[in-house]
Amino acid sequence: MTSSTAADYIEDVSPGSGALPPRARYTTSDAKSLSLNGSWRLRVSATADAEDDSFAEEGYDAGDWAEVAVPGHWVLQGHGSPIYTNHLYPFPVDPPHVPTENPTGDHLRVFDLPSEWPSDGGAVLRFDGVESCARVWLNGTDIGEFKGSRLPHEFAVGHLLKPSGNVLAVRVHQWSAGSYLEDQDQWWLPGIFRDVTLLHRPPGSALDFFVHASYDHLGGAGTLRVDSDVDGRITVPALDIDVATGESVTVAVRPWTAETPYLYDGLLTTEGERVPLRIGFRTVELSDGLIKVNGKAVLFKGVNRHEWHPEKGRALDRETMREDVLLMKRHNINAVRTSHYPPHPDFLDLCDEYGLWVIDECDLETHGFTEQAWRDNPVDDDRWTPALLDRAARMVERDKNHPSIVVWSLGNEAGTGRGLTAMAEWIHARDRSRLVHYEGDINCRDTDVYSRMYADHTEVERIGQELDGGTHKRRGLPFILCEYGHAMGNGPGGLADYQRLFESYERLQGGFIWEWIDHGIKDERYGFAYGGDFGEELHDGNFVCDGLLFPDRVPSPGLIEYKKVVEPVSIDGSDGSVRVTNKHDFADLSAFAFQWSYQVDGETVESGPLTVPPLAPGESAEVKLPAPPVESDGAESQWTVRALLAADTAWAPAGHVVGWGHIPVTARPLPYVSATAGPVLGERRITLGPASFDARTGELKSLGVVDVTGLRLDVWRATTDNDDGASWQTDVRHGPLWRKLGLHRMRHRLDGVELSEDALTVRTRVAPAAWEIGLATVYRWTSDGSRLRLTVSVAPEGDWTVPLPRLGIRFGLDASADRVKWFGGGPGEGYPDTKSASLPARWESTVDGLQTPYVRPQENGARADVRWAELGGLRIDGDPEFWFTARRWTTEQLDAAAHRTDLTPADTVWVNLDHGQHGIGSQSCGPGPLPQYFLDAEPAEFSFVFSEAAFSETPETS
Ligand code: IPT
């Protein structure tokens with residue numbers, strides 16, 4: 001039986017009905033407006049048609065309904081649950097049909113017009129974002145329905161308004177035909193999640209307008225023309241401009257760039273309205289196969305930004321958006337891809353104001369169709385094309401007046417097809433002043449930029465060298481990585497290696513890290529929840545936590561690393577001078593002040609200013625350092641030179657560090673212990689200098705007053721998301737292989753405890769059950785009576801086909817070992833391919849402060865290149881430098897934990913001193929570590945000198 005119901009619009013592939021044509025968005029004007037944000041009444045039903053539409057009638061009593069905050073998602077306010085899937089549709093794929101179980105939120109709001117609301121003119125009701133499909137009634141009249149969750153929809157409602165008691169009823173369905181177009185990798189979160197506003201439209205008010213503001217870099221002139229549906233005048237006082245709409249004017253201007261975001265205040269005046277404009281003059285073009293702005297090729301140091309707040313989901317307030325922009329600017333990021341939908345429009349105002357290049361991406365992804373080889377993909381089905389064009393138009397029309405937007409993106413992971421081509425054609429025709437991007441178009445049929453995601457270094461280099469082939473058109477296009485450096489958990493690794501490529505080949509115009517922020521949901525049970533924590537039948541776990549920020553916007557080490565890798569000024573040097581290079585595309589160095597400091601044994605002994613010429617973009621200069629302020633007296637010494645903001649900027653105060661270099665001067669003397677004391681065998685103990693060992697096992701028990709437990713070789717680390725890799729990765733994934741081989745359950749066989757005149761030697765074989773591989777491990781202890789030296793020799797046996805996770809020793813100290821001091825890399829963690837930002841100096845922390853709280857716990861917190869460390873009354877000097885980790889739980893506990901709340905401190909501080917760590921890479925969705933960061937299983941020897949910290953003297957030197 002087929003019958004049509006009032007809810008047919010839900011499964012209709014059309015974009016909707018009743019809405020006004022899309023137009024430019026502007027935040028303010030002198031026309032009145034009324035925000036309808038706030039507390040609304042809410043009733044959630046399990047199906048789309050469980051309730052009739054009588055709630056939309058005037059006089060309906062919703063007194064017993066719940067309340068919901070608008071903007072907001074009802075599933076984050078106690079009604080139902082969020083669902084996380086990466087690309088699988090959480091419903092059967094049968095487009096355009098959706099499940100009968102279709103959570104539906106009836107929203108109700110009664111409002112009065114303010115007394116000063118004019119009686120003339122009309123009014124428009126604007127929804128900035130509703131997921132995924134809404135039907136709207138005002139005062140009992142059905143005014144239309146729409147889809148396109150992250151796009152604006154406006155309705156003419158003037159004729160329906162009354163001075164008081166207006167009833168606005170909105171029925172929101174979680175699932176609709178539109179859901180098939182919104183399969184982005186994120187939480188499914190229904191609701192009215194962006195602003196609802198009533199706008200007065202005075203007679204003669206502005207309608208749509210298009211600000212064309214180009215810049216001629218040769219002559220330094222800007223040309224302004226504002227095309228407007230309603231005639232009026234354009235004034236820009238600072239430029240003495242006063243012209244009619246539609247008329248061009250050319251004057252000398254300061255151009256807009258992301259580095260120099262110069263905006264002119266202007267005004268569009270129509271008969272009935274005055275609309276403030278913020279005008280940025282700039283020209284984007286494809287020329288010589290490069291993306292150029294104002295005549296210069298730009299290098300994107302970008303991030304992919306989803307909108308996220310750990311409690312509010314995608315309902316962000318302006319302060320949160322500003323925080324994102326400030327954090328980006330402070331971390332040297334210059335570009336954002338609005339993955340994968342147009343953001344709240346305020347975000348784009350902020351990008352104009354603070355200066356960020358923007359790729360504005362359309363709200364379109366049909367990724368789940370990949371599971372059926374893209375059969376029935378809506379983007380290649382003409383019935384859906386009107387919906388796609390509607391989405392393209394709603395994005396372009398809303399956002400076209402933002403100078404920050406340099407590229408339009410058709411969407412993400414939607415295969416290819418006629419609908420996408422139609423979108424590209426429409427956008428190209430509507431806006432010739434920007435380029436079009438879409439990653440899935442491998443031959444660049446519809447696009448102006450060759451774009452890829454997660455390509456490895458080798459392939460990116462080939463593309464840079466133009467050896468990648470491809471269609472004739474593609475060969476002539478610039479290249480960007482629209483996603484790379486998958487920031488899931490510990491990592492991403494290899495960023496510096498990508499950056500070197502970007503800086504070496506002109507065709508490579510940079511990339512965008514995946515992604516800006518972890519989408520963890522604040523949750524009492526877990527700290528932050530991720531996929532599966534709400535009982536979803538299908539989910540993708542913590543793949544939703546893959547950002548450079550933790551969900552609460554605390555920067556993760558990945559962001560600190562990225563900041564260093566993309567610094568706008570580089571400083572390196574040797575022999576008393578530094579080479580300073582301006583890596584900006586537009587700005588000189590006049591905004592920066594430079595400062596040197598000189599460290600001996602990691603401690604700063606003096607600092608002072610350094611005069612650096614205001615180099616033009618791309619220029620370098622050799623700058624002489626002063627004479628070293630002190631004799632190093634045999635200790636290690638180094639220069640650290642920093643570039644700081646010379647004055648306050650809109651995004652950071654004076655003194656903010658933008659870049660630095662570390663220049664070694666004299667090398668560290670390696671610690672040396674003369675083996676003058678010999679081991680003495682007692683009844684149950686062997687003593688050697690200050691240390692005591694178990695006579696039977698040779699295990700270290702104490703050093704002076706410090707008790708030590710469980711000291712032994714350790715090769716295991718709680719695998720990172722990048723070690724584990726994504727299940728669909730075709731390359732070798734080390735995490736699963738390590739586990740299969742049992743590197744997490746190594747057994748230690750004691751082969752001998754030997755006492756000689758000057759050493760205690762303990763021979764062991766460390767190996768997992770079931771396999772023939774093993775590590776012959778010898779611990780050799782010597783002492784000069786006060787200090788103790790351990791030399792560990794490791795010889796792999798059998799056929800080791802995998803690298804090791806780590807190689808070093810671990811031991812336990814009493815829980816009172818809380819404070820750590822070290823000379824080595826810091827302040828944050830670093831691994832072989834993530835330690836650009838690790839600055840060798842003296843650092844201090846609590847043990848808890850050493851932990852990086854990844855949302856899904858995993859290996860973290862290693863400090864790189866540590867010369868010495870002190871904790872719990874012990875001092876440890878490394879020969880050579882080592883990786884230092886300390887935590888109040890074991891690696892096994894860390895490995896087993898699924899959420900932060902699973903980690904609770906016990907009575908031991910576990911310390912790892914590693915000779916080697918395996919690289920991190922980006923295999924949770926990209927390439928693994930580069931071969932040079934592998935920790936291959938090979939013969940190794942490394943030493944540590946232990947002494948009691950309180951009595952420690954500078955070790956003798958060899
Ligand atoms: C890529 C997606 O574009 C992005 O939305 C996100 O899912 C990311 O992966 C992983 O976090 S698609 C992937 C098949 C490369």
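Indexing begins at 1, ligand by ligand and atom by atom, following the structure's order.
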- line: Quick note on ligand 1: atoms under 4.0 Å from a heavy atom of Met453 include exactly 1 (C), 3 (O), 12 (S), 15 (C)

field: Enumerated ligand 1 atoms positioned under 4.0 Å from heavy atoms of Tyr454
entry: 1 (C), 8 (C), 9 (O), 10 (C), 15 (C)

message: Under 4.0 Å from a heavy atom of His340: which atoms of ligand 1 are those, numbered in the order shown and with their elements?
response: 3 (O), 4 (C), 5 (O)

message: Is the terminal nitrogen or CZ of Arg525 (NZ for Lys, CZ for Arg) located under 6.0 angstrom from the six-membered ring centre of Phe534 and within 45° of that ring's axis?
response: yes

message: For atom 12 (S) of ligand 1, which of the options Gln186, Glu413, His486 provides the nearest non-hydrogen atom?
response: Glu413

task: Measure from the ring center of His309 to the ring center of Phe193 and say whether it is less than 6.0 Å.
output: no

field: Electrostatic pair Glu182:Arg391 at N-O distance under 4.0 angstrom
entry: yes

- request: Pull out every atom of ligand 1 sitting under 4.0 Å from any heavy atom of Asn412, numbered as shown with elements.
  value: 2 (C), 3 (O), 5 (O)

- request: May I ask you to establish whether Arg305 and Phe347 are in a cation-pi arrangement, using a distance under 6.0 Å from NZ or CZ to the six-membered ring centre and at most 45° from the ring axis?
  value: yes

message: Between His918 and Phe934, is the ring centroid distance below 6.0 Å?
response: yes

query: Is the gap between the ring centers of Phe369 and Tyr89 under 6.0 Å?
result: yes

- prompt: Looking at His457 versus Tyr498, is the centre-to-centre ring distance below 6.0 Å?
  reply: yes

- line: Under 4.0 Å from one or more heavy atoms of Phe543, ligand 1 contributes atoms 10 (C), 11 (O)

query: Which option out of Glu515, Met488, Glu483 puts a heavy atom nearest to atom 4 (C) of ligand 1?
result: Glu483

- prompt: Is the centre of the Trp175 ring less than 6.0 Å from the centre of the Trp188 ring?
  reply: yes

field: Polar atom proximity, Glu365 to ligand 1 (N or O, under 3.5 Å)
entry: no

message: Check contact between His367 and ligand 1, using heavy atoms of the residue and a distance below 4.0 angstrom.
response: yes

message: Polar contacts were defined as any N/O atom of the residue lying under 3.5 Å from an N/O atom of the ligand; does this apply to Asp185 and ligand 1?
response: yes

- line: For Asn86, the ligand 1 atoms with a heavy-atom partner under 4.0 Å come out as 7 (O)

query: Going by the atom numbers of ligand 1, which of them fall below 4.0 Å from some non-hydrogen atom of Asp546?
result: 11 (O)

